[in-house]
Every structure is written in structure tokens, then in C-alpha cells.
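First up is the structure itself, then whatever we jot down about it.
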Amino acid sequence: MSSLPNKSGSERPTASVGMGWDDLSAEHKMQWLLNNAGDTKWGWVVYRSCYKPEFDSTWDNVKSVAEETARQRVAASDAPDVADKMDWVFVEDRENLDGASREELKRRFRDWVRAENPGRNIDEEKYGRASRYTFFVQVDGPSLRGIPTGDGHPYVSLVQSWEGEADTSEDWMKIQTNALNLGFYVELNNDETWYTVYMTSDGICSWYE
């Protein structure tokens, strides 16, 4: 089961005497999750849901910059080996996803999660799916329009995908594009983080490492 360790428990990792979970880098935390909590890969799953031709170059830039930035930060960290398990998934399907609703993307994401976890009753694991199998990122028209200019804080949507685990009005929020970092990803393994950082649709969540 993948979740953040109990910070008061004996299982929490330490980098050296006197260091606890909160003192570790995001990369070191991810390394612990990969080694001890059942995580085998890490990385956001990102769906494109707007396919206007004028946004094609922006989408390509989103993909390349997001992955390259993540790799550079990991390489410069105290746990560079976690780069070997990095696996961002970018989903493009012009025919079926152009204008797709959030509910349709949630359905597709859940199908993908089940296929990634054969023999595991992932639907019943309310706690322990980890960030990779709980949240996905949606990049829609307004996101693609705002990212090149940076005006008003460019954002994407982060979606909580499983039914009944958040009020339907609270199962997604806008996040700044710079929040697509490992620090936020790791913290979302804690089931309470979503409710701590959640913002309504008139706000944009930010997260700085």
C-alpha cells in the first residue's frame, strides 16, 4: 500500500541522525516510497482535451519542459536514482478526447489504472493508490491558451479520479504549471493533502519546492 509513512512511527526514513520525514528532500522521500511503500513508478498522467492546431506547439512544449525540468531537478538532488523510475504519461487522442468532459477523462483514467494493476482490486483501495493512480492532469483549451504568455499564472487542472472520495464539486482544481513538481506529487500520497490545499474554481493552487 502506498502512502506517506506515519511521521510519528518507527517506520519513517531518516537520512541521518536528527533528520525526520519533513527534513528530507522530495527526491529522498520518493526514493523511500519506491523502496518501501510499493510504488514502482512515479510521474503524472496528463491528458490533452483540446486539439485546436494553434495549440499543438504549446502542447509539445508542455511535454518537453515538464519532463526535462523534472529530470534536471532529480539529477541535482541527493537521490538521483529515482530518475530511473520516472514515467510521465502524456495521453493524446484527437478523435476521442477533443472536448472530452472531465467525467469522460476520469472514466478513461480509471480504466488505465486497472490495466496497470492486474490482479489488484484497485477500486476497493480507497487509501493507498498513491498519487500516480489517484490523480491525473487535464490540459484543456484555457490552459493551452494561457501557458505561452504566462499571464495570470498559467495553470492546468488536477483531477481526483475515484468516485465517492471527494464531493463532485471538489474533485478537481486549477494548479499552477510549476506545481507539477515532485514535491507536490509526493505530498499528494498523503490522503489529507488534497483537502489541505484544495481551492475552488475561482482560485489557483500553487506549490513551491
Only one of Leu158, Thr177, Val62, Leu105 passes side-chain contact (heavy atoms from CB on, under 4.5 Å) with Val137, and that residue is Leu158

Student check: side-chain heavy atoms of Met30 and Leu33 closer than 4.5 Å:
yes

Any donor-acceptor N/O pair, Arg145 side chain to Phe55 backbone, under 3.5 Å:
no

Do Asp171 and Glu103 have side chains that get closer than 4.5 Å, going by heavy atoms?
yes

Does a side-chain heavy-atom distance below 4.5 Å link Tyr155 with Gln176?
no

Are a donor atom and an acceptor atom from the side chains of Gln138 and Ser49 found within less than 3.5 Å of each other?
yes

So, for Tyr185 and Gly43, which heavy atoms are closest and what is the spacing to 0.1 Å?
OH-N, 3.2 Å

Identify the heavy atoms of Pro154 and Gly146 that sit nearest to each other, and give their distance.
CB-O, 3.9 Å

Check: Val159 and Phe109 side chains under 4.5 Å, non-hydrogen atoms:
no

Are Cys205 and Tyr198 side-chain neighbours, meaning at least one heavy-atom pair lies under 4.5 Å?
no

If you compare all heavy atoms of Glu187 against all heavy atoms of Thr193, which two are closest, and at what distance to 0.1 Å?
O-OG1, 2.6 Å

Taking only distance into account, with no hydrogens and no angle test, what donor-acceptor pairs under 3.5 Å do side-chain atoms of residues 81-90 form with protein atoms, sequence neighbours excluded?
from: Asp87; atom 1: OD2; to: Arg132; atom 2: NH2; distance (Å): 2.7

With sequence neighbours left out, the residues meeting ring-ring contact (aromatic ring centres under 6.0 Å, His included) with Tyr47 are Phe136

Looking only at side-chain N and O atoms, does Glu68 offer a donor or acceptor that is under 3.5 Å from a partner on Gln72?
yes

Before giving the answer on side chain to side chain contact (heavy atoms under 4.5 Å, CB included), spell out for Trp42 and Leu182 the whole-Å C-alpha distance, their side-chain angles and the decisive distance to 0.1 Å.
CA-CA 9 Å; Trp42 69 272; Leu182 183 53; 3.6 Å; yes

Quick one: does Leu188's side chain get under 4.5 Å of Thr134's, heavy atoms only?
no

Any donor-acceptor pair under 3.5 Å linking the side chain of Arg114 with the backbone of Ile122?
no

Not counting sequence neighbours, which residues clear side-chain hydrogen bond (donor to acceptor under 3.5 Å, both in side chains) with Asn61? List them please.
none

Is there a donor-acceptor contact under 3.5 Å from the side chain of Trp162 to the main chain of Tyr133?
yes

Do you reckon Tyr195 sits in the same ILVMFWY cluster as Met173, going by side-chain contacts under 4.5 Å, direct or chained?
yes

Salt bridge (charged side-chain N to carboxylate O under 4.0 Å, His left out): pairs with one or both residues in residues 50-61, sequence neighbours excluded
Arg48-Asp56, Asp56-Arg94, Asp60-Lys63

By side chain to side chain contact (heavy atoms under 4.5 Å, CB included) - contacts of Asp98 (at least two apart):
Tyr51

Indicate yes or no: at least one non-hydrogen side-chain atom of Trp207 is less than 4.5 angstrom from one of Ile175.
no

Shortest non-hydrogen contact between Trp59 and Val91, atoms and distance
CZ2-O, 4.3 Å

pair Leu97-Arg108: side-chain heavy atoms closer than 4.5 Å:
yes

Excluding sequence neighbours, so at least two apart, what forms side-chain hydrogen bond (donor to acceptor under 3.5 Å, both in side chains) with Ser161?
none

Mind telling me whether Trp44 and Phe184 have parallel, tilted or perpendicular rings, with 30° and 60° as the class edges?
tilted

